[in-house]
Amino acid sequence: MENLNLSKHQTFYAVGLSYKKADAETRGKFSLDDKAKTQVLIQAKNEGIDSLIVTSTCNRTEIYGFAQHPFQLIKLMCENSKGTVEEFQKFAYVYKNQEAISHMFRVGTGLDSQILGDFEIISQIKNSFIESKSYALANSFMERLVNAVIQASKRIKNETEISSGATSVAFASVQYILNNVEDISQKNILLFGTGKIGRNTCENLVKHTKNDHIVLINRTKDKAEKVAGKFNLIVKDYTDLPVEIQKADVLVVATGAQNPTIDKDLLNLKKPLLILDLSIPKNVHENVKSLSNVSLIHLDYLSQMTDETLEKRKEHIPAAEAIIAEVKAEFIAWMKARKFAPTIHALKEKLNAIKEGELDFQRKKISNFDPEQAEIISNRIIQKITTHFANHLKDDSTMVDESIEWIQKVFQINPLNTEGEILQKAGYNE
């Protein structure tokens, strides 16, 4: 595995956990709300971490960043969530260098999503990068990597059909309602919460149920009114929640709370109620299952719903992987070039210094010396030499770190680059 250390002491890591090994309850413990994500950035900055981004969705919580040891990033995640190091070791993963880069590409392009081809995660990565940049926690490597992942995501979305068909957690929830609730257009639907999944669910409910009396409640009424205005919903105050639940036939919970907001004590029901909990962490307490007239469905179950759309999407995985390979190769080529560029630049300066000394000597020694012709010939020779070295360093079989060290030692150069010095020291060996 190639070594992509971007300094003598720091390595690029991806640490986190996802739906693949961690159930909803465990993912809920490690979820990071906006406040927690900001705290991670502040803490990372104080601990001298150079570059880092944090993502936390219903299906995964991840940190991509540079550290001397991955435990620095694991510690940041655990200290700012309810998860423990022991749980992390049991359910999570750590990727390093090339594997970390590949993982970000698969995540950002929807190939690692719980529902194949779900591209919502790329906006999360983009927004996380913007926030990291505001804290000066995004170096040139991270910026280029995120942009490359965004580019791959756009190309896959435009050049393949891996995202064709309406399939998402929000759509799957509405599909479940349509399949399990008769006369849905006449039923009372209550949506609690205006997070991203909640907004998407709103749109799908309005579009597919033909129900014109959907009620929306949010802790912050202003947010609810903004969403309601777009979809023509009825907004009620948060204090009306218990009364509206009694009226509801279907309750969709999509809040961003860190603890359950709905439990059996809140449910004074006179008729059956279907509850869909689309939140991570879970926002509906398991104790509601003890009520005979309540049916509770969590998003993990909805995410496992497969249909012909998902099967068709799988046919486009090879095309998506080919695009990733192409964009990733361009990124690696950029990274290698950025790493050895200061050395090539310093080599060129060294050869120019040798040239100037030799030309001065020949001017004094040769009576009919032609300085202009000598300058042209010398510059062409220097260009060919530096190009030869650059092509050698670009070659995939080259041990780049050793070659850079050898060039610097032989020509007695010590390149410095205010922007790229870290990349110059980067290891890229087998």
Side-chain angles (χ1 to χ4, degrees), residues 1-7 9-22 27 30-32 34 36-45 47-57 59-81 83 88 91-113 119-153 324 327-328 331-332 334-335 422-423 426:
M1 184 54 60
E2 292 166 327
N3 177 12
L4 304 179
N5 295 347
L6 293 200
S7 77
H9 305 294
Q10 292 199 344
T11 302
F12 181 61
Y13 292 104
V15 305
L17 72 168
S18 73
Y19 68 93
K20 289 186 176 180
K21 285 183 67 177
R27 298 199 306 275
F30 284 90
S31 70
L32 301 168
D34 290 342
K37 283 191 283 187
T38 300
Q39 187 56 42
V40 168
L41 297 177
I42 294 171
Q43 191 174 330
K45 187 79 173 175
E47 293 178 8
I49 290 176
D50 172 65
S51 188
L52 170 145
I53 65 173
V54 188
T55 61
S56 188
T57 70
N59 289 329
R60 68 182 67 246
T61 296
E62 294 182 328
I63 295 178
Y64 297 89
F66 293 91
Q68 295 177 16
H69 191 279
F71 185 72
Q72 289 176 275
L73 306 182
I74 296 167
K75 179 169 167 282
L76 285 173
M77 184 180 292
C78 293
E79 288 183 352
N80 291 282
S81 70
F88 183 94
F91 297 108
Y93 44 78
V94 175
Y95 296 116
K96 176 182 177 181
N97 294 330
Q98 275 276 37
E99 289 182 344
I101 291 171
S102 296
H103 180 68
M104 184 187 279
F105 269 99
R106 291 189 68 84
V107 170
T109 55
L111 293 191
D112 200 64
S113 296
F119 284 96
E120 290 183 9
I121 184 64
I122 192 62
S123 62
Q124 293 270 355
I125 291 174
K126 193 185 302 182
N127 292 336
S128 296
F129 172 76
I130 291 170
E131 186 173 7
S132 292
K133 198 169 184 179
S134 71
Y135 284 87
L137 279 168
N139 61 18
S140 58
F141 174 96
M142 187 72 82
E143 183 163 12
R144 185 77 177 213
L145 176 57
V146 170
N147 285 335
V149 173
I150 292 170
Q151 179 190 353
S153 177
I324 289 174
V327 178
K328 189 169 71 171
F331 169 75
I332 296 298
W334 167 85
M335 194 201 67
I422 291 178
L423 284 167

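Just so it is clear, the structure is predicted and the values come from calculations on it, not from any experiment. Side chains are part of it too, since the values below use all heavy atoms of this structure and drop only hydrogens, waters and symmetry mates.
- Side-chain atoms of M77 and V40, non-hydrogen and from C-beta on, never get closer than 4.5 Å to each other.
- Contact check for Y64 versus I101: no side-chain heavy atoms found under the 4.5 Å cut-off.
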CA sep, side-chain torsions, deciding dist, call: I324, L111, side chain to side chain contact (heavy atoms under 4.5 Å, CB included):
CA-CA 10 Å; I324 289 174; L111 293 191; 3.6 Å; yes
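- Counting heavy atoms from C-beta outward, I332 and Q98 have side chains that approach closer than 4.5 Å.
- Partner of Y93 under the side-chain hydrogen bond (donor to acceptor under 3.5 Å, both in side chains) criterion, chosen from E62, K21, K20, E99: E62.
- Taking every heavy atom of both residues into account, A14 and H103 meet most closely at CB-CD2, 4.3 Å.
- A heavy-atom distance below 4.5 Å is found between the side chains of L52 and L76.
- Taking all atoms of both residues into account, the shortest heavy-atom contact from G16 to A92 is O-CB, 3.0 Å.
- The CG atom of L145 sits 11.0 Å away from the OG atom of S140 when rounded to the nearest 0.5 Å.
- Of all heavy-atom pairs spanning I125 and G108, the tightest one is CD1-CA, 3.8 Å.
- Looking at M142 and S132, their side chains never come closer than 4.5 Å, going by heavy atoms from C-beta outward.
- Across all non-hydrogen atoms, the minimal contact from T109 to V149 is CG2-O, 4.3 Å.
- S56 approaches S31 most closely through the heavy-atom pair OG-CA, 3.5 Å.
- When atom types are taken as modelled, the side chain of K328 and the backbone of S102 share no donor-acceptor pair closer than 3.5 angstrom.
- Distance check: F66 CZ to L137 CG gives 11.5 Å after rounding to the nearest 0.5 Å.
- For the side-chain contact (heavy atoms from CB on, under 4.5 Å) criterion with I53, the lone passing option out of M104, K37, E131 is M104.
- Relative orientation of the F141 and F331 rings is perpendicular, given thresholds of 30° and 60° on the angle between their planes.
- A distance of 10.5 Å separates OG1 of T61 from CZ of F88, quoted to the nearest 0.5 Å.
- Between the side chains of Q72 and Q68, no donor-acceptor pair of N or O atoms lies under 3.5 Å.
- A donor-acceptor pair shorter than 3.5 Å cannot be found between the side chains of T11 and K96.
- Taking the ring centroids of Y13 and H69, they lie at or beyond the 6.0 Å cut-off.
- Contact between D112 and Y19 at its shortest, heavy atoms only, is O-OH, 2.9 Å.
- Checking V146, T55, L41 one by one against S128, the side-chain contact (heavy atoms from CB on, under 4.5 Å) holds for a single residue, T55.
- To the nearest 0.5 Å, the span separating CG on N147 from NZ on K126 amounts to 9.5 Å.
- Side-chain contact between V327 and F105: present, with at least one pair of heavy atoms (C-beta onward) separated by less than 4.5 Å.
- You'll find the side chain of R60 stays beyond 4.5 Å of the side chain of R27, heavy atoms only.
- Atom CD1 in I121 sits 10.5 Å away from atom OG in S18 (nearest 0.5 Å).
- Proximity of I74 to C78: side-chain heavy atoms (C-beta onward) are separated by under 4.5 Å at one or more points.
- Rounding to the nearest 0.5 angstrom, the gap separating the CG atom in N139 from the CZ atom in F12 is 9.0 Å.
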